[in-house]
Amino acid sequence: MPVKIRLQRIGAKKKPFYRIVVANSESPRNGRFIENVGTYNTLTDPSAVTLKEEKIKGWLEKGAIPTKIVGEILKRQGITIEKGGV
């Protein structure tokens, strides 16, 4: 089963806050995850991002696939995604 790096929504109503997690692609959005690798807060200007870069690079080398929005966040933070790993 493919593993994805994606956002998990937490926070209150109309106050979204996201964890960046590594999860099985078939798990529900807010369901079970394998590892928490960062956070993404859209309420601040500019958006606040914290990443555990070494863990993210390790998962990318193992073949984890980031979702579109997580891929854009990683690109903005300077973590490049190349075919076949980091």
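Counting begins at 1 with the first residue of the sequence.
- Residues satisfying the side-chain contact (heavy atoms from CB on, under 4.5 Å) criterion with K15, sequence neighbours excluded, are A12, L43.
- The cluster map of Ile, Leu, Val, Met, Phe, Trp and Tyr, joined by side-chain heavy atoms under 4.5 Å apart, puts I34 and Y18 in the same cluster.
- Rounding to the nearest 0.5 Å places NZ of K75 at 8.0 Å from CD of E72.
- Residues P66 and G71 approach most closely at CB-N, 4.0 Å, considering heavy atoms.
- If you run side-chain contact (heavy atoms from CB on, under 4.5 Å) between L74 and each of I69, L51, I20, only L51 comes through.
- In this structure, R6 has no side chain to side chain donor-acceptor pair (under 3.5 Å) partners at least two apart in sequence or on a different chain.
- Judged as a side chain to side chain donor-acceptor pair (under 3.5 Å), and not counting sequence neighbours, the contacts of T39 are T50.
- Every salt bridge (charged side-chain N to carboxylate O under 4.0 Å, His left out) that E35 has, sequence neighbours left out, goes to K55.
- Closest approach of S47 to Y40, counting heavy atoms only: CB-CE1, 3.7 Å.
- When the side chains of ILVMFWY residues are joined at heavy-atom separations under 4.5 Å, either directly or via intervening members, F17 and F33 end up in two distinct hydrophobic clusters.
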For E53 and I56, run side chain to side chain contact (heavy atoms under 4.5 Å, CB included): C-alpha distance rounded to whole Å, both residues' side-chain angles, the deciding distance at 0.1 Å, then the answer. CA-CA 5 Å; E53 290 187 31; I56 291 171; 5.7 Å; no
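- The shortest heavy-atom contact between A64 and I5 is CB-CG1, 4.0 Å.
- Residues V3 and I79 share a hydrophobic cluster, clusters being chains of Ile/Leu/Val/Met/Phe/Trp/Tyr side chains in contact below 4.5 Å.
- For K52, there are no side chain to side chain donor-acceptor pair (under 3.5 Å) partners at least two apart in sequence or on another chain.
- Contacts classified as side chain to side chain donor-acceptor pair (under 3.5 Å) and involving residues 25-34 (residues at least two apart or in different chains) are not found.
- Both I73 and W59 are members of a single hydrophobic cluster when ILVMFWY side chains are connected at heavy-atom separations under 4.5 Å.
- In terms of hydrophobic clustering, with Ile, Leu, Val, Met, Phe, Trp and Tyr side chains grouped at heavy-atom distances under 4.5 Å, V49 and V37 are assigned to a common cluster.
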